[in-house]
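Contents: one structure, followed by commentary.
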Amino acid sequence: MQEGLRSPTVFNPKTIGESVAAKLKNPNACFWAGGTFIMSRPGFYPNPSQRDIISLKGIVDLSKVYHSDRFVEVGSMVTIQQLSNMGGYLFSHELNDAILSIGSSVIRNQATVGGALCTSNMRFSLCCILATLNAQVELRMITKSAPARWMPITKLYDRKGVFIYEGEALLTKVRIPTENKQFQVFRSIGLPMQKPEEAVVFGLQYSINQANIMLPSMCMVFPSSCFYMSQDFDNLLASINLPLTSDKIMKISKRLVSELKNASLNASALQLERASRLFESVLSEINTTFLAG
Amino acid sequence: MRLNCNVNGNQLSLVVNSDKPLSNILKDVVDSFPDNNQCLGASCGNCVVLLNGVATLSCLVPAFSLNGSSILTFDGFRKTRFYHDIERAYNDVGNQPCPQCYASKTLLIESLLIRMDKESQSRKDVVNLGRSMGFSPIPTASQGYANEMAARGRLGGGSVDPQVLSQEFSMCRCQCIELSELEKIVNLAYKYRSRRRARRT
Ligand SMILES: Cc1cc2nc3c(=O)[nH]c(=O)nc-3n(C[C@H](O)[C@H](O)[C@H](O)COP(=O)(O)OP(=O)(O)OC[C@H]3O[C@@H](n4cnc5c(N)ncnc54)[C@H](O)[C@@H]3O)c2cc1C
Ligand code: FES
């Protein structure tokens, strides 16, 4: 044992209720899912002021998966690899490939869906993917009655991507719609974990009906500084008439960049440039798909 | 806390901090365990071990989750007969990983071989795994997944799908060995292992 270092107490609740009660009694203790994010923070160990730990591993209800015609509901302790294993059958290839591009399989075997959504101030690919799909999450609030609240993923974060409910709620389930739009695009540039100030993650789903983009849902994430999803911008995309001229593509892309700048003061020039190029290439692809009939 | 686990075949009982990373524990108990494993999530891969047969970054595993587990470092693994399948495949292909990532890539290959083995022995395993993970309401989905993966030839067909391989090795940024060569190595090592098993039975 490291001299002078206190060994954190580890709580092993067996039910969601027990974990909420443990957190109420020990407000400083942290929920521990796969631990990949917690343990890769600088100064994690040795750390004299280490917080106690509430391990979520033993809660069977958090590892359950339920599937209906319209959605898949996964417990927050389902690993990203398990999600992709199911996804091979239930999700589109684009979606499954996007999940499989998260980290490496060594990380995906350990990292959980809940952990990926609840990291305090960093947003990674899974948040962007699930937000694009309009997934919903169930939170159990850390209060005596521990009420359950369902909400869209977007409501978990502020514009900078900070997790609003840190320490205030336990994420228990994620409901992912499987009745998706006609097209899905997921892109990621750079290494979100290793170089968050350079990486960009993007998701868009939409359908095309005649010359219109129908029901678009777009999300853009800069891991350490921005979580952007806007109904106004989605409406702008929905008002587009296809095919697009290159001037129009540039105009929409400039609008996106100015909105991203407003949303995040800390976005780097490289990220903004990458975001605009990525978006332009996606719009060009939509054009090509439309023109090809 | 008291930690009881098996490291390279030796049963150990240690007193450690509950949040101490496995990599730090191994530095204390295995002489040859690399010292340069403090990359803080940069995914250098120096700390890869087989934890219950699965390749794992030991810097991301806390002591409190290790009770009763079996840990094999590269040093322990190279003393097993399984290592010789991979070593033989390296020789046959005429290439091997560079000294910096020899240990981690070899353990990643072993983890992949174990996975291929499990998949090929019984596709039913996937369904059972699904059940044990709690998705009993959808046995048809997991069965479907198993069938689809088998149909795509990704797993269980006796050779590894290049896409699965590139995912497994996506962590390794050192390009000392090409994916096409790794593919040959994995397939050869798998062949040797299957032959040996067939001879024994
Ligand atoms: C080497 C490496 C490479 C990576 N590469 C990528 C990548 O390419 N793309 C990408 O998207 N991500 C990447 N990641 C990030 C990875 O996705 C996250 O580390 C992971 O998803 C976190 O999940 P976890 O289960 O390990 O969470 P933990 O580390 O256990 O927890 C993370 C946070 O969430 C909280 N928490 C956990 N579960 C809950 C819950 N149910 N309710 C409330 N709070 C909770 C914890 O208290 C903690 O604050 C990488 C990580 C590493 C280490
Ligand atoms: S020390 Fe680099 S990945 Fe573990």
Side-chain angles (χ1 to χ4, degrees), chain A residues 1-2 5-10 12 32 34-47 50-53 55 57 60-68 72 74-75 77-79 81-82 84-90 97 100-101 103-111 191 193-195, chain B residues 1 14-24 38-43 45 48 51 54-57 59-65 104 107-108 111-112 115 126 129-130 132-138 140-149 152 154 163-164 166-173:
Chain A
M1 199 183 292
Q2 209 92 16
L5 217 70
R6 186 182 80 87
S7 177
T9 307
V10 181
N12 285 301
W32 190 291
T36 59
F37 183 77
I38 300 175
M39 292 192 74
S40 52
R41 295 297 82 204
F44 167 75
Y45 189 89
N47 180 352
Q50 200 63 282
R51 297 155 75 187
D52 289 340
I53 291 163
S55 167
K57 201 176 168 188
V60 181
D61 281 348
L62 295 185
S63 300
K64 283 192 175 153
V65 176
Y66 174 76
H67 167 237
S68 82
V72 184
V74 297
M77 285 299 285
V78 167
T79 65
Q81 189 66 41
Q82 287 167 347
S84 87
N85 287 353
M86 288 178 287
Y89 182 65
L90 297 167
D97 286 347
L100 281 172
S101 70
S104 60
S105 62
V106 177
I107 296 293
R108 287 192 303 273
N109 279 333
Q110 198 179 330
L191 299 165
M193 183 74 174
Q194 291 91 334
K195 295 204 169 139
Chain B
M1 61 165 275
L14 308 162
V15 176
V16 291
N17 265 5
S18 57
D19 59 344
K20 187 167 183 173
L22 172 59
S23 53
N24 289 36
Q38 282 281 309
C39 76
L40 300 169
S43 205
V48 172
L51 176 61
V54 179
T56 307
L57 297 175
C59 64
L60 299 181
V61 182
F64 74 81
S65 68
S104 57
L107 289 178
L108 283 171
S111 173
L112 198 54
R115 204 173 126 198
V126 179
L129 180 72
S132 69
M133 284 169 354
F135 56 97
S136 47
I138 51 161
T140 47
S142 47
Q143 180 76 64
Y145 165 71
N147 290 339
E148 184 176 314
M149 289 311 259
R152 284 197 225 159
R154 289 202 170 177
Q163 207 182 328
V164 171
S166 76
Q167 281 158 17
E168 290 288 324
F169 286 85
S170 56
M171 188 184 73
C172 311
R173 256 163 279 140

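Naming convention: chains lettered A, B, ... in sequence-line order (proteins, then strands); numbering from 1 in each chain.
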| said: Need one label for B:Leu108: side chain, backbone, both or neither, based on atoms under 4.5 Å from any heavy atom in chain A. | reply: side chain
| note | Among A:Val78, A:Leu191, A:Val106, the residue with the most heavy-atom pairs under 4.5 Å to chain B is A:Val106
| message | Just verifying a value: how many Å separate A:Arg108 CZ and B:Glu168 CD, rounded to the nearest 0.5 Å? | response | 7.5 Å
| field | Closest non-hydrogen atom pair, A:Ser7 against B:Met1 | value | OG-N, 4.2 Å
| Do the side chain of B:Ser18 and the main chain of A:Pro8 share a donor and acceptor less than 3.5 angstrom apart? | yes
| query | Side chains of A:Trp32 and B:Pro62: does their closest heavy-atom pair fall under 4.5 Å? | reply | yes
| Interchain contact, A:Ile107 with chain B, by part (heavy-atom threshold 4.5 Å) | side chain
| Is it the side chain or the backbone of B:Val54 that comes within 4.5 Å of chain A heavy atoms, both, or neither? | side chain
| said: When you measure from the side chain of A:Gln110 to the backbone of B:Leu57, do you find a donor-acceptor pair of N or O atoms at a distance under 3.5 Å? | reply: no
| Derivation of the side chain to side chain contact (heavy atoms under 4.5 Å, CB included) call for B:Asp19 and A:Ile53 | CA-CA 9 Å; B:Asp19 59 344; A:Ile53 291 163; 4.3 Å; yes
